[in-house]
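Following: one structure in structure tokens, then a few remarks.
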Amino acid sequence: MVKFRDMGDQEIPLEGGHSGFAVSKVGDTVRRVQSEHSKFEHDLLLLLEAKGFEYAPRFLGIDENDREILSYVDGVTPRESYEPKEDVFAKVMHILKKFHDATADSVLAEDKEVVCHNDFAPWNTVVKDGVIVAMIDFGGATPGYRVQDIAYSFWTFLELSDYAKTDKNLQQLGRIYSLYGEFDAHAFLPALIQHQNETLAMRKYKAQHEAAEEMREFSRVRIEQIEKEIAWTQENSEDIKKLLGVSYGAL
């Protein structure tokens, strides 16, 4: 791998995301500390570029400090809600569909349907002028099934803990086939429940064991919100089944 030497550009720390890896902007590039998963991520970004997927940064190489170099995508990464100038759920499903289709039948998908991002949520987007322009942070991507990402993004992009939005959120779910296309609808509700329960368990652990009090408090706040979202899912499970046109046994 060719290593690039910086030519004096100022290094600016970037905020956003929940990965915990230091990220900086240098000129028109982003530098990020590598992890054990970086090789898969780099191969994925190269595949997406080859397939013409326009919603991801480009992998450009490794710098002299052994950090990955990515193209910089202009915009902001929302840490809180923002004022969208588009149909956000439609855009999210459009991006997911294109991402999944680009990875289907690839070596990276192995024996699964596609490569899953596994954390396509507001904090892993770049927004410019109220419009989502990129999906970022592929550090958790793995081979998987379309429904895994679909259920997760339904949960994270819609405010399920806000019961005043229940009708609107169920209406969004009712559009999912027209927005995304076919997927394993029978696996949607189990995948949603699994995502929520696993994330709740992770946040409970971090609320006790994170080194920084700020991070422990962040997890405590998230625990309360996730518990509300789990309750929402349980209370609306029958409507979710009807909207997806599927039936389940006991969950």
Side-chain angles (χ1 to χ4, degrees), residues 1-4 17-23 28-73 77 91-126 132-157 176-177 179-188 190-192 194-195 198-199 202:
M1 177 68 68
V2 176
K3 293 194 175 184
F4 294 86
H18 297 165
S19 67
F21 290 97
V23 182
D28 59 356
T29 68
V30 171
R31 310 300 170 94
R32 187 171 182 266
V33 175
Q34 295 193 79
S35 71
E36 60 183 15
H37 193 66
S38 290
K39 177 61 167 59
F40 184 91
E41 182 180 4
H42 300 162
D43 289 344
L44 175 58
L45 290 175
L46 290 172
L47 172 65
L48 294 175
E49 181 178 8
K51 292 288 187 175
F53 180 73
E54 67 270 34
Y55 295 104
R58 302 307 183 203
F59 173 61
L60 303 176
I62 305 298
D63 72 8
E64 59 188 342
N65 295 314
D66 207 35
R67 298 177 301 182
E68 63 187 19
I69 307 174
L70 307 175
S71 61
Y72 175 72
V73 181
T77 296
K91 185 64 170 288
V92 166
M93 289 298 109
H94 170 75
I95 293 173
L96 264 184
K97 173 68 171 175
K98 295 196 73 171
F99 170 66
H100 288 157
D101 286 352
T103 65
D105 301 318
S106 69
V107 172
L108 295 179
E110 298 179 357
D111 60 344
K112 304 297 193 300
E113 277 187 325
V114 295
V115 173
C116 286
H117 183 283
N118 290 317
D119 196 15
F120 188 35
W123 50 84
N124 280 325
T125 63
V126 176
I132 298 173
V133 295
M135 163 193 281
I136 60 173
D137 194 354
F138 296 82
T142 61
Y145 297 91
R146 295 172 185 267
V147 69
Q148 295 171 228
D149 273 344
I150 293 170
Y152 184 83
S153 293
F154 171 79
W155 171 34
T156 57
F157 278 94
I176 204 162
Y177 292 119
L179 295 175
Y180 182 93
E182 293 299 317
F183 62 93
D184 182 6
H186 284 85
F188 180 91
L192 176 59
Q194 181 177 351
H195 284 313
E198 288 181 351
T199 304
M202 178 268 289

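- Contact annotation: the side chain of Phe99 approaches that of Val115 to within less than 4.5 Å [non-hydrogen atoms, C-beta and beyond].
- Residues Glu68 and His42 bring a donor and an acceptor atom of their side chains to less than 3.5 Å of each other.
- For the pair Asp149 and His100, the minimum side-chain heavy-atom distance is below 4.5 Å.
- The six-membered or imidazole ring of Phe138 lies away from that of Phe40, with a centre-to-centre distance of 6.0 Å or more.
- Taking the charged nitrogens against the carboxylate oxygens, Arg32 and Glu41 do have a contact shorter than 4.0 Å, which makes a salt bridge.
- Between the side chain of Thr77 and the backbone N or O of Thr125, at least one donor-acceptor pair lies under 3.5 Å.
- Note: Phe154 and Tyr152 fail the aromatic proximity criterion, with ring centroids not under 6.0 Å apart.
- Taking the charged nitrogens against the carboxylate oxygens, Glu182 and Arg146 have no contact shorter than 4.0 Å, which rules out a salt bridge.
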Intermediate values then yes/no, ring pair (Phe, Tyr, Trp, His ring centres under 6.0 Å), Phe183 and Tyr145: CA-CA 9 Å; Phe183 62 93; Tyr145 297 91; over 10 Å; no

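- Using the six-membered ring where Trp is involved, Phe120 and His117 have ring planes that are tilted, between 30° and 60° apart.
- Taking the side chain as every heavy atom from C-beta outward, Gln34 and Asp66 approach each other to under 4.5 Å.
- Cation-pi geometry between Lys97 and Tyr180 is met: under 6.0 angstrom from the ring centre, within 45 degrees of the axis.
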